[in-house]
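Naming convention: chains lettered A, B, ... in sequence-line order (proteins, then strands); numbering from 1 in each chain.
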There are 2 protein chains.
Amino acid sequence: MKKITIKDIAAKFDVSISTVSKALNDSYEISDKTKAKIQKYAKKKKYKPNFNALSLKNRRTKTIGVVIPDMLNFFFAQVFQGVEKKANENGYKIITCISNESYAKEMETMEMLSNGSIDGFIVSMSKETGMNNSVEHFKDMIQEGTPIVMFDRVAKDIDCDKVVADDFEAAIKTVKHLKNTGCKNIAFISTISDLIVGKERYKGYLKGMQDENLVVNENLVLNIQENDYKKYEEIIEPLFDNNDIDSVIASSEQSAIAAMKIAQGKGYKIPENFSVIGFANGLLSRHSSPKLTTVSQHGEIMGETAAQMLIDRLEKKDEVLPMVTKVIQTDLVERNSTKRYLELNK
Amino acid sequence: MKKITIKDIAAKFDVSISTVSKALNDSYEISDKTKAKIQKYAKKKKYKPNFNALSLKNRRTKTIGVVIPDMLNFFFAQVFQGVEKKANENGYKIITCISNESYAKEMETMEMLSNGSIDGFIVSMSKETGMNNSVEHFKDMIQEGTPIVMFDRVAKDIDCDKVVADDFEAAIKTVKHLKNTGCKNIAFISTISDLIVGKERYKGYLKGMQDENLVVNENLVLNIQENDYKKYEEIIEPLFDNNDIDSVIASSEQSAIAAMKIAQGKGYKIPENFSVIGFANGLLSRHSSPKLTTVSQHGEIMGETAAQMLIDRLEKKDEVLPMVTKVIQTDLVERNSTKRYLELNK
DNA sequence: TTGAAAGCGGTACCAG
DNA sequence: CTGGTACCGCTTTCAA
């Protein structure tokens, strides 16, 4: 029951391997009779051309390397599903590396995979990579002719295709929404201030405040470095004690939830006299009480987009296409941690 | 800057390719001088032996195929991380297929990957596969000599290595815990009654009730077929209206949370006069109010175990080892949806 | 209509 | 110590 090869089939019918190869590929060179019997036999024996032989010959593997920091992060899992779906539709396989936010693992795995295991990469940088801007390995890959598509946590200095969310615009919108629903003292809590994504959101916050003629009080900006979400509450609490705030924009689901809890602990009623908006994709937002209003990124679409961009580039290896950055819109999902705003004069 | 091959190196130094190959593999046959210059050059040029050429020659890819139903499911993501970690430690890559609970996709992808892309599979069956017991494709793979390790959603009829949680025992323990903390009318809610895992939990519930001398009231057993968790609450509500219950064991996180909400809506105080235990791994349990007491499976350990079992088998291809099933213990994580029980007479 | 042979990038045996 | 060659499984060109 071992796997059957072209050679086995050739022996069986006492023809050459080239005849078999052509017959299986339905070549016009082979008589219908021969084709028929060979194809029938191949099917019966479940013949499948050997992947490595094909890849060696064609110099392409139809395999994509996906490098993500953390699969337990709902957003990344969503993107991953999107990539897998689109890849599958196009007959591509995916090899995955979870970097665990480690530069070394990200770099080493990519180097190892660039030995002909994959045709291209889809990457979101590890925190370490992004913070130190250690992007040489990306440059190397691209130099070698291995295309990369980056998403979400992209590197400014790398010239490649990119897929990002409109974090800057989204943050502006959150401020606007809060202002429109009566908030003034808007705090900004970030757990990802080191990431470009986090910086964009912060910039959007500042711009939004300016647009709405609100004064930015630096004491209302809190950057959390701690990774353990269990400690978020104690870190956030002083913000409430030392300042007069009526709303929070948080850069992550967990910190948004933590802020809500503290506000409630301090006796605020959400959303009556306190509002919270979180950048979040996960399940917590839909199950918290009250349910959290969020800026939702379309992770799956980002994944599909990234995959499509990579595949397009792979299938047109000869043409030199300019690198593009696609911005995927986010949605402000109004749940119950903010008041409703009926924009009458639209 | 294109990738360099052995042939290129041979040309560069005007030696044969076999000399280069041996030099790179540090063979005793080659003079230190030659080795040194070749190795140095190879390093400088970042030479890496071509993966497909090696796989073709060695008839092994050091690649594992991972087939899971859903990456957005926290448990599967945990297992996946465990597999990736262990695989990586052992120099294995992983190719992933997300079946989306579809038999067709699971089967087709596995067939496609069994063309020499992977050395073995780690699989958790899709619902469809499990419900119809459509396991021919697994048999085929094994017949062909491709080993499989199944985890969690395993197939009874397939003789292969398996990793499962002690669902039966765990369910017994939940009943015991509830009884010990004063509950009597224990309802059982399942969203996965079609899966073997779900059946094991149900059996454990029955056994536990019996062990504790509690009568099983069939009206207290609710099997939810609906997939949309948003509808859980309306489906569960009648259970509370039509029966006198003081606690719930739920087979999933979402259904446990839904049950808690309804209980609270009906005026119960959790855990004072109502208790809930859920089979759950996710984040919701730690963020719900009150925090949910759970039976926690060690997903990551299950993944690592499965990967180790597969790798062991792959590295000992010649030996015929008996198939084993490993049972990974679960933990009852006591949070605040159940009362404390101080087991004094232990 | 069929077959021989080169080549994809390596490894390893055997000869010199 | 170095080189020639067969082979892994398949495609493709060229010759018959």
NZ/NE/NH1/NH2 to OD/OE distance under 4.0 Å, B/E106 and B/K127: no

Using a cut-off of 4.0 Å on non-hydrogen atoms, how would the nucleic acid contact of B/I30 be classed: base, sugar-phosphate, or nothing? base

Where the side chain of A/E29 is concerned, which of C/dG10, D/dC14, C/dA4 is the nearest nucleotide? D/dC14

Pick one: which of A/I118, A/T61, A/T63 meets side-chain contact (heavy atoms from CB on, under 4.5 Å) with A/K93? A/T63

N-O pairing of A/K86 and A/E89 below 4.0 Å: yes

Please determine whether a side-chain nitrogen or oxygen atom of A/K7 lies at a distance below 4.0 Å from atom OP1 or OP2 of D/dC8. yes

Specify the separation, in whole Å, of atom CG of B/N58 and atom P of C/dT11. 8 Å

State, without any angle test, whether A/Q308 and A/D312 hold a side-chain donor-acceptor pair at a distance under 3.5 Å. yes

Specify the separation, in whole Å, of atom CD1 of A/I17 and atom C1' of C/dA6. 11 Å

Below 4.0 Å: OP1/OP2 of C/dT2 and any side-chain N or O of A/T19: no

Rounding to an integer number of Å, can you tell me how far A/N52 CG sits from D/dT11 P? 13 Å

Examine C/dT2: is either OP1 or OP2 under 4.0 Å from a nitrogen or oxygen in the side chain of A/Y28? Give yes or no. no

Nucleotide D/dT11, atom P - distance to CG of B/L56 in whole Å: 12 Å

Between D/dC1, D/dT11, C/dG3, which nucleotide gets closest to the side-chain atoms of B/S31? D/dC1

Need one value for B/T5: base, sugar-phosphate or nothing, where a base atom within 4.0 Å counts as base even if backbone is also close, heavy atoms only. sugar-phosphate

In whole angstroms, how far is the P atom of D/dC1 from the CZ atom of B/F13? 18 Å

Just to be sure I understand the rule, does A/Y47 reach a base, reach only the sugar-phosphate, or reach nothing, if contact means heavy atoms closer than 4.0 Å? sugar-phosphate

Please confirm whether any donor atom in the side chain of A/S16 sits under 3.5 Å from an acceptor in the base of C/dA4, or the reverse. no

According to a strict under-4.0 Å criterion, is B/T34 in side-chain N/O contact with OP1 or OP2 of D/dT2? yes

Heavy-atom nearest nucleotide on DNA chain C taken for B/I6 and for A/K22; more 5' hit belongs to A/K22

On DNA chain D, compare the nucleotides closest to B/K57 and A/L24; which residue's is nearer the 5' end? B/K57

Given D/dT11, is OP1 or OP2 found less than 4.0 Å from the side-chain N or O atoms of A/N25? yes

In whole angstrom, what separates A/D14's CG from C/dT2's C1'? 12 Å

Does B/S21 put a side-chain nitrogen or oxygen below 4.0 Å from OP1 or OP2 of C/dG10? no

I'd like to know if the side chain of A/D119 reaches the main chain of A/R60, judged simply by a donor and an acceptor atom lying under 3.5 Å from each other, with no hydrogens or angles considered. no

When you check the phosphate oxygens OP1 and OP2 of D/dC7, does a side-chain N or O of B/R59 lie under 4.0 Å from one of them? no

Identify which nucleotide among D/dG3, D/dT11, C/dG3 has an atom closest to any side-chain atom of A/V15, counting heavy atoms from C-beta outward. C/dG3

